[in-house]
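Here the structure is a predicted model, which is why all the values come from computation and not from measurement. What you see below is based on every heavy atom in this structure, not just the backbone, and it leaves out hydrogens, waters and symmetry mates. Below, chain A is the first sequence line, B the second, and so on; all start at residue 1.
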Amino acid sequence: MIDLRLLREDPDAVRASQRARNESESRVDDLLRADEERRAAVQRFEAVRGEQKLLGKQVSSAKGDERAALLARTKELSAEVKAAEAAANEAEQALRKAHMAVSNLVEEGAPPGGEDDYVVLREVGTKPDLANPRDHLEISEALRAVDMERGAKVSGSRFYFLIGVGALLENALLQLAIAQAVEYDFTPVIPPVLVKPESMEGTGYLGAHASEVYRLEADDLFLVGTSEVALAAFHTGEILDLDGPIRYAGSSSCFRREAGSHGKDVRGIMRVHQFNKVEMFSFCRPEEARDEHRRLLAWEEEMLAKVEIPYRVIDTAAGDLGSSAARKFDCEAWVPSQGRYREVTSTSNCTTFQARRLNIRYRDADGRTQTVATLNGTLATTRWLIPILENHQQADGSVRVPKALQPYLGGRDVLEPA
RNA sequence: GGAGGGUUCGCCUAGUGGCCGAUGGCGGCGGUCUUGAAAACCGCUAGGGCGCGUGAGUGUCCUCGUGGGUUCGAAUCCCACACCCUCCGCCA
């Protein structure tokens, strides 16, 4: 949710942001109207409620006829208060709905345009010189690392088994990511992967992405698509002591329905219903958020460097940002078999948008409560196995293990076909 | 799954219909005393909405797990739900 004070003071800034996202500007006016209506309704309620309280106090001390007269009036008032309260509640609901419909303000500097209008900030690393690169599925079949067919047999399409060195490699990658996060003072977290509707809603995943989310009907719980959900909701309703950023590294399985992605990335483990991820999450002061965002990106790049994958960094265009994000940087790894870069990390600065919904605050220098900023970024996922396997494949069918991963693979420096 | 007990301002706690937005203690902050510290003593110490004020502030309304109900009036009575604890059953 955006800052309503900012909306009142500078509605044009919000309109401009909506325009940059290619989203409706009329929602801004709807929100302004709802805001005004709510304030009016609240004032009406407070007026009658104030009178009710005043007279109510007199009733207790009044006697005889005076008391009877007071009771007659307060009885009337009682109905008025009830009606006014209902109207105020209704206006509150309407405001909330209108509030939810407006996306976060785009950060200054984000590229204009839509999905294809990202800006490449840099390309890093050297692409391997491979005559006929095999794709990750061929490689992993030779290594007996991934079993797609049995995945489909047991669970359906887009499910898989990681087995043998596949399972070991993923564990190694995730451990490397956690170790790096701990090195930089992140608090490691294993969060619940089933969350209540409020938590899902608070992070904004029940909006445009609702169809992407698994829901457990019988228990009214959702399977998270990322540990970001649980990490963001961790401090719901709290007032944090913020000296510097508070950082968590969540490690969890993630679940996505992948509705509407029929035909896309059907081969291998590029796009699957279940995968693992180590996610960075920061709570900080709004004025620190921009710098923190750059730090998260730097940590993502450090991980990519550790696994020795060529990648590029893109600055997502305004029209392609999620509703909570003010700015988003993705790292895309080079995938030799496809001859192109594919997303392996994503870091978003959600400024105060997400925290306002979750009611997470801190105290400023004057002791006043202010809404915190939240940021998230990927440190490693199952998908990383693709560029790792493909970029480090060797002519003899084996795969070289990057140095940083070797300690987590029992010192192994090469994965040989089984 | 069954049976009980509980949920009050950071923590603990008082509070069974109006004088309660709420007692007391601990902790925290500030002060007095002291060369300094401790002790003692004094004061302050929930959040939010709306209005007024350039501002420090100030007025008012809401919030005693959440949502309803009863009542002129609810922390207090009733109902539903959530969560926590204990016991029983079942089970990784």
message: Just to verify, which of A:E46, A:Q52, A:E51 counts as forming a side-chain hydrogen bond (donor to acceptor under 3.5 Å, both in side chains) with A:R49?
response: A:Q52

field: Partner nucleotide, any strand, of B:rU60 [Watson-Crick/G-U, under 3.5 Å]
entry: B:rG49

field: P atoms of B:rG6 and B:rC78, separation to the nearest Å
entry: 12 Å

message: Taking only the C1' atom of each, what is the distance from B:rG31 to B:rC84 in whole angstrom?
response: 41 Å

message: Please pick, from B:rA56, B:rA82, B:rA46, the nucleotide with the shortest atom-to-atom distance to any side-chain atom of A:R368.
response: B:rA56

field: For B:rC81, the Watson-Crick or wobble partner whose two distances fall under 3.5 Å
entry: B:rG65

message: More than 12 heavy atoms of other residues, nucleotides or ligands under 6.0 Å from CG of A:L6: yes or no?
response: yes

message: So A:Q52, base contact, sugar-phosphate only, or nothing? Heavy-atom distance under 4.0 Å.
response: sugar-phosphate

query: Nearest-Å distance, CZ (A:F45) to P (B:rC50)?
result: 15 Å

- prompt: Would you say A:R363 reaches B:rC29's phosphate, i.e. side-chain N/O to OP1/OP2 under 4.0 Å?
  reply: no

query: So, is A:R8 near the phosphate of B:rC50, with a side-chain N or O under 4.0 Å from OP1 or OP2?
result: yes

message: What's A:I239 touching, base or sugar-phosphate or nothing? Going by heavy atoms closer than 4.0 Å.
response: sugar-phosphate

- request: Tell me which nucleotide among B:rC72, B:rG47, B:rG49 gets nearest to the side chain of A:R361.
  value: B:rG47

query: Which nucleotide, B:rG73, B:rG18, B:rG49, lies nearest any side-chain atom of A:S78?
result: B:rG73

query: Rounded to the nearest Å, what distance is computed from the CG atom of residue A:L55 to the C1' atom of nucleotide B:rU71?
result: 16 Å

- line: In Watson-Crick or G-U wobble terms, with both distances under 3.5 Å, the base opposite B:rC29 is B:rG43

- request: If the plane angle is over 60° it's perpendicular, under 30° parallel, otherwise tilted; pick one for A:Y248 and A:H235.
  value: tilted

field: A:W299/A:Y184 aromatic ring centres below 6.0 Å
entry: yes

query: A:L77 has an atom CG; how far is it from atom P of B:rG73, in whole Å?
result: 10 Å

task: Take A:N359 and A:K75, find for each the nucleotide of RNA chain B with the closest heavy atom, and name the residue whose nucleotide sits nearer the 5' end.
output: A:N359

message: What's the gap between B:rG5 and B:rA22 when it is taken at their C1' atoms, as a whole Å value?
response: 24 Å

field: Integer angstrom distance from the C1' of B:rG67 to that of B:rC83
entry: 15 Å

task: Would you indicate, yes or no, if B:rG69 has its OP1 or OP2 atom less than 4.0 angstrom from a side-chain nitrogen or oxygen of A:K82?
output: no

field: Identified pairing partner of B:rG1, criterion: Watson-Crick or G-U wobble below 3.5 Å
entry: B:rC88

message: Work out how far the C1' atom of B:rG15 is from that of B:rA75, and round it to whole angstrom.
response: 8 Å

task: Compute the centroid of each ring, for A:Y160 and then for A:H273, and state whether the two points are separated by less than 6.0 Å.
output: no

- prompt: Taking the nucleotide of RNA chain B with the closest heavy atom to each, which residue, A:Q43 or A:R49, is nearer the 5' end?
  reply: A:Q43

task: Using whole Å, report how far CD of A:E92 lies from P of B:rG67.
output: 12 Å

message: Could you identify the nucleotide paired to B:rC19, looking across every strand shown and requiring Watson-Crick or G-U wobble geometry with both distances under 3.5 Å?
response: none

message: If I pick the C1' atom on B:rU70 and the same atom on B:rC52, what distance separates them, to the nearest angstrom?
response: 38 Å

Sub-4.5 Å side-chain heavy-atom contact between A:N89 and A:Q93: no

statement: Rounded to whole Å, the CD-P distance (A:E51 to B:rC61) equals 12 Å

- prompt: Quantified in whole Å, what is the C1' atom distance between nucleotide B:rC64 and nucleotide B:rC12?
  reply: 16 Å

- prompt: Nearest-Å distance, NZ (A:K53) to C1' (B:rC62)?
  reply: 8 Å

Between B:rC72 (P) and A:K57 (NZ): distance, integer Å: 19 Å

message: Side-chain N or O of A:R39 versus OP1/OP2 of B:rG51: is the shortest distance under 4.0 Å?
response: yes

Distance flag, aromatic centroids of A:F281 and A:F283, threshold under 6.0 Å: yes

- request: Provide the distance between the two C1' atoms, one in B:rU63 and one in B:rG21, to the nearest whole Å.
  value: 9 Å

query: In whole angstrom, what separates A:Q93's CD from B:rG49's P?
result: 17 Å

